[in-house]
A.B. asks: 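This is the structure I want to talk about, given as structure tokens.
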Amino acid sequence: MNTNYHQIWQTVQLIPKGKVASYGQIADLAGLPNRARLVGKALGFVPDNGWNNKAVPWYRVINSQGKISLPIGSDAFERQKSLLQDEQVVVIGARIKLAEFQWQPDLAELLFQLKF
DNA sequence: AACTGGGCTAAAA
DNA sequence: CTTTTAGCCCAGT
């Protein structure tokens, strides 16, 4: 697989349970500025069934407006919403409440984990 | 070598 | 609050 995808998945794994981050934020932290769309694409490849959905918590990534980016009412949307709610994240409609952008990574720790 | 369409964004209306 | 607009970048085709 693409190196960029690994960089992205790796960064997404750093989002703590019960918190969320935006596509752009993940792109920046992964060292890929201005590539939010790539993050969306990369997350689309993460299997959401069984064991793997906890290895890479794709559902903790939302858009810059604080909302779930998937089409409202789609299966994928409902899946993301319930996975977030399982972690006590409040979701009203597509909008995330209480957990918006509250993930503040420790930069030193982040860089360490990314093996920079 | 184009061309296209995305799980995007910031700013403006 | 919402929708639009105009940038944006690149993997896949």
Side-chain angles (χ1 to χ4, degrees):
Chain A
M1 215 31 164
N2 197 319
T3 346
N4 289 343
Y5 286 0
H6 278 114
Q7 216 40 315
I8 289 166
W9 290 329
Q10 214 172 169
T11 305
V12 169
Q13 290 184 46
L14 303 179
I15 308 172
K17 181 182 178 187
K19 312 262 175 135
V20 296
S22 74
Y23 297 99
Q25 187 178 12
I26 292 301
D28 289 346
L29 292 168
L32 303 166
N34 306 318
R35 282 183 242 186
R37 311 194 74 136
L38 188 61
V39 173
K41 185 167 292 192
L43 295 186
F45 287 103
V46 177
D48 55 350
N49 298 312
W51 54 274
N52 219 8
N53 64 353
K54 294 198 172 177
V56 181
W58 57 272
Y59 54 87
R60 293 181 190 148
V61 185
I62 63 180
N63 66 32
S64 66
Q65 302 171 60
K67 298 195 280 187
I68 290 174
S69 261
L70 297 165
I72 298 180
S74 66
D75 286 350
F77 172 90
E78 297 302 339
R79 200 154 54 232
Q80 180 168 14
K81 186 170 177 176
S82 68
L83 283 166
L84 285 171
Q85 292 178 325
D86 286 348
E87 302 187 344
Q88 326 305 321
V89 173
V90 179
V91 185
I92 302 175
R95 182 162 259 111
I96 275 64
K97 295 282 184 182
L98 306 181
E100 297 181 88
F101 311 106
Q102 65 186 205
W103 180 46
Q104 282 293 352
D106 178 301
L107 191 52
E109 180 187 356
L110 177 69
L111 294 177
F112 172 75
Q113 295 194 54
L114 290 179
K115 304 174 182 71
F116 280 171

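Remember, predicted model here, so these are calculated numbers, not experimental data. The chains referred to below are lettered A, B, ... by the order of the sequence lines, with proteins before strands, and numbering in each begins at 1.
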A.B. asks: Would you check if Glu87(A) and Lys19(A) make a side-chain contact, meaning some heavy-atom pair closer than 4.5 Å?
C.D. replies: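 Side chain of Glu87(A) against side chain of Lys19(A), heavy atoms only: no contact under 4.5 Å found.
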A.B. asks: Check the distance between dC8(C)'s P and Leu38(A)'s CG and give it to me in whole angstrom.
C.D. replies: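 Spelled out: CG on Leu38(A) to P on dC8(C) is 17 Å.
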A.B. asks: Report yes if at least one side-chain N or O of Arg37(A) is closer than 4.0 Å to OP1 or OP2 of dT9(B); otherwise report no.
C.D. replies: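 Result: no.
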A.B. asks: Nearest whole Å is fine: how far is dG7(B) P from Leu83(A) CG?
C.D. replies: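 Spelled out: CG on Leu83(A) to P on dG7(B) is 18 Å.
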A.B. asks: May I have the distance from Asn63(A) (atom CG) to dT3(C) (atom P), rounded to whole angstrom?
C.D. replies: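 After rounding, the reported distance stands at 13 Å.
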A.B. asks: From CD of Gln7(A) over to C1' of dC10(C), roughly how many Å is that when rounded to an integer?
C.D. replies: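 From Gln7(A) CD to dC10(C) C1': 17 Å.
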A.B. asks: Answer yes or no: does a side-chain N or O of Ser69(A) lie under 4.0 Å from OP1 or OP2 of dC8(B)?
C.D. replies: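 Indeed, a polar side-chain atom of Ser69(A) lies that close.
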A.B. asks: Nearest-Å distance, CD (Glu78(A)) to C1' (dG7(B))?
C.D. replies: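 It is 15 Å, rounded to the nearest whole Å.
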A.B. asks: Kindly indicate whether the side chain of Ile8(A), heavy atoms from C-beta on, has any atom under 4.5 Å from the side chain of Arg35(A).
C.D. replies: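 They are not in contact (no side-chain heavy atoms under 4.5 Å apart), so the answer is no.
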A.B. asks: Give the rounded distance in Å between these two atoms: CG of Leu32(A) and C1' of dA11(C).
C.D. replies: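 Interatomic distance, CG of Leu32(A) to C1' of dA11(C): 14 Å.
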A.B. asks: Could you check whether Val39(A) gets within reach of a base, just the sugar-phosphate, or nothing at all, counting any heavy atom under 4.0 Å?
C.D. replies: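 Nothing, no nucleic acid heavy atom in range.
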A.B. asks: Counting C-beta onward and ignoring hydrogens, is there a side-chain heavy-atom pair between Tyr5(A) and Leu38(A) closer than 4.5 Å?
C.D. replies: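 With C-beta onward as the side chain, the pair touches.
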A.B. asks: A side-chain contact here means heavy atoms from C-beta on lying under 4.5 Å apart; do Val39(A) and Leu32(A) qualify?
C.D. replies: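 No, every pair of side-chain atoms sits at 4.5 Å or beyond.
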A.B. asks: To the side chain of Arg35(A), which of dT9(B), dA11(C), dC9(C) is closest?
C.D. replies: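 Of all the options, the side chain of Arg35(A) is nearest to dC9(C).
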A.B. asks: Return the nearest nucleotide to the side chain of Ser64(A); candidates are dT2(C), dC9(C), dA10(B).
C.D. replies: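 Of all the options, the side chain of Ser64(A) is nearest to dA10(B).
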A.B. asks: On a heavy-atom basis, which atom in Ser22(A) and which in Val61(A) lie closest, and how many Å separate them?
C.D. replies: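 For Ser22(A) and Val61(A), the tightest heavy-atom pair comes out as C-CG1, 3.9 Å.
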A.B. asks: Whole Å only: how far is the CD1 atom of Ile68(A) from the C1' atom of dC8(B)?
C.D. replies: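 In whole Å, dC8(B) C1' and Ile68(A) CD1 are 16 Å from each other.
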A.B. asks: For Lys41(A) and dT4(B), give me the distance from atom NZ to atom C1', rounded to whole Å.
C.D. replies: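 Lys41(A) atom NZ is separated from dT4(B) atom C1' by 9 Å.
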A.B. asks: Identify which nucleotide among dG7(B), dA11(C), dT9(B) has an atom closest to any side-chain atom of Ser22(A), counting heavy atoms from C-beta outward.
C.D. replies: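 Side chain of Ser22(A) sits closest to dT9(B).
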A.B. asks: Choosing from dA11(C), dC8(B), dG7(B), which nucleotide comes nearest the side chain of Ala36(A)?
C.D. replies: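 Comparing dA11(C), dC8(B), dG7(B) against the side chain of Ala36(A), the answer is dC8(B).
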A.B. asks: Can you tell me the pairing partner of dA10(B) across any strand shown, Watson-Crick or G-U wobble, with both distances under 3.5 angstrom?
C.D. replies: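 For dA10(B), the partner nucleotide comes out as dT5(C), under the 3.5 Å rule.
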